[in-house]
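Written below as structure tokens is the structure these notes are about.
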Amino acid sequence: MKEKIRLFLTDQRTVLWLWIIIAVTGMTRFGHGRDNNFLIFKQAYWHTVDQLPLYIHYPKEYFDLFLYGPVFSLVIGPYAIPPVWIGMLLWLVALTLFLYLSIRHNVFTRYQQIFICWFCAHELLNGVQMQQFNIAIAAIILLTYCLIEKEKDFWAAFFLVLGTFVKIYGIVGLAFFLFSKHKGKFIGSIVFWAVVLFVAPMVISSPQYIINQYQEWLNVLIHKNADNMFSHGTNISLLGIVRKISGSSAYSDLWLIIPGLIAFALPYLRLKQYGNEAFRQTLLASVLIFTVLFSTGSENSTYIIAVVGVAIWFTAAPWKRNKWDIALMVYVFFFCTMAHSDLMPKFLREEWMKPYGLKALPVVLVWLKLCYEIYTKDYNKLKDCKT
């Protein structure tokens, strides 16, 4: 019986159906304003077609602001045309399958694929319930890495530019540049796709309109950064923890971002480790985690990106994980992925987790442990030590 259960839980089909069920459960948020994010996305397409301003309030259509780049209007287009409930269902399934396939067809072992999918299932649910594109951002970063590993730099550049033009986050794919064996081709491909994706939305609108909207996008992101500072719903990050606990708005986030960038970049000096796949995967994990921890725009639903990184960190190591590493993963599961759910006691959720952005804390600890390992471990010597 135990063997049958094990085989069932480690079957790719089980995981796939679990994720599809999670995607479909997102439809419980349909109606009564709980599908607001999808309405924002859907209307972005029609606003682009009608050449209306993208970055202003439309209180009769939805609340909050649209914050993605103009090219997103093409991404959401196929889901904006059908009736809302059909479009939303297709959107949720498409996001989920996109991330699933980016894991399933990556350079991970079968064990890694299964572990990542199970460990990230609840965080996927968080993203699905908010209809968030962050699920796709995680997939885009994974695919940028994967395609560079497979020497398909042209398509790696496509995903890098797409992610950047939609939500800026995609630019972190440049962190894999040094792993490319075709750097000239990669740079040329980035330029090519930047031109194509900049021009593409003009097909359903006009050149002047799209140029103006890119300018407005930059302006709204600058203002949004200031609004995020003490928000309970955003700045759930390392930056947010320090900001919200200190209660100070007097200092610049650069005091944390610059040391963070240095800590992030130091492993790139270990040139002899580049040839080791576990080392490169650990850097991939660092990219996914860093993207969330050092962004003031990080929300509850953004953590699908970071939690995928945590799972990769845990499984990539070419040595057996110890009890402290396992304890860290348990901490991440209960105090990060469950942080804003009803499974977290209400007084903890409302009085501590949300006001101080403490959902980020377990991931901060993992990233610090990751940094220690990637600075000190010789992955080449340890590559045969995993059991």
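Just so it is clear, the values below take in all heavy atoms, side chains as well, and ignore hydrogens, waters and symmetry mates.
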Could you tell me whether [X] atom [atom1] has more than 12 heavy atoms of other residues or ligands within 6.0 Å of it?
X: Phe30; atom1: CZ; value: yes
X: Tyr268; atom1: OH; value: yes
X: Phe335; atom1: CZ; value: no

Which heavy-atom pair separates [X] from [Y] by the least distance, and what is that distance?
X: Val292; Y: Ser298; value: O-OG, 2.6 Å
X: Val366; Y: Val332; value: CG2-CG2, 3.7 Å
X: Tyr68; Y: Tyr55; value: O-OH, 2.6 Å
X: Phe290; Y: Gly260; value: CE1-O, 3.5 Å

Discussion item. Within the structure provided, determine whether Trp91 and Gln131 are in side-chain contact (heavy-atom separation under 4.5 Å).
Written reply: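 Result yes, sub-4.5 Å side-chain heavy-atom pair found.
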
Go through it in stages, so that I can follow the logic: the residues are Thr282 and Trp313, the test is side-chain hydrogen bond (donor to acceptor under 3.5 Å, both in side chains), and I'd like the CA-CA distance, side-chain angles, deciding distance and then a yes or no. CA-CA 5 Å; Thr282 304; Trp313 161 75; over 6 Å; no

- Quiz item: cation-pi between Arg243 and Tyr251, 6.0 Å / 45°: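 Yes - Arg243 lies over the ring of Tyr251, closer than 6.0 Å to its centre and within 45° of its axis.
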
| Presence of salt bridge, Glu277 and Arg280, under 4.0 angstrom |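 Result for this pair is no, no salt bridge flagged.
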
- Query: Charged N to carboxylate O below 4.0 Å: is that the case for Glu123 and Lys359?
  - Reply: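 Yes.
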
Problem - Residue list, side chain to side chain contact (heavy atoms under 4.5 Å, CB included) with Ala194, at least two apart or on another chain - result: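 Partners of Ala194 by the side chain to side chain contact (heavy atoms under 4.5 Å, CB included) criterion, ordered by chain and then number, come out as Val161, Phe165.
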
message: Checking Arg13 now: which residues fulfil salt bridge (charged side-chain N to carboxylate O under 4.0 Å, His left out) with it, not counting sequence neighbours?
response: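 For Arg13 the salt bridge (charged side-chain N to carboxylate O under 4.0 Å, His left out) partners, ignoring immediate neighbours, are Asp11.
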
So that I know where these two stand, are [X] and [Y] an aromatic pair - ring centroids less than 6.0 Å apart?
X: Phe154; Y: Phe192; answer: yes
X: Phe294; Y: Trp367; answer: yes
X: Trp193; Y: Phe158; answer: yes
X: Trp324; Y: Tyr331; answer: no

Which side-chain N or O atoms in residues 166-179 pair as donor and acceptor under 3.5 Å with protein atoms at least two apart or in another chain?
| residue | atom | partner | partner atom | Å |
| --- | --- | --- | --- | --- |
| Lys167 | NZ | Asn134 | OD1 | 2.3 |
| Tyr169 | OH | Ser295 | OG | 2.8 |

| Which of parallel (below 30°), tilted (30 to 60°) and perpendicular (above 60°) describes Phe115 and Phe119? |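 Plane angle under 30°, so parallel.
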
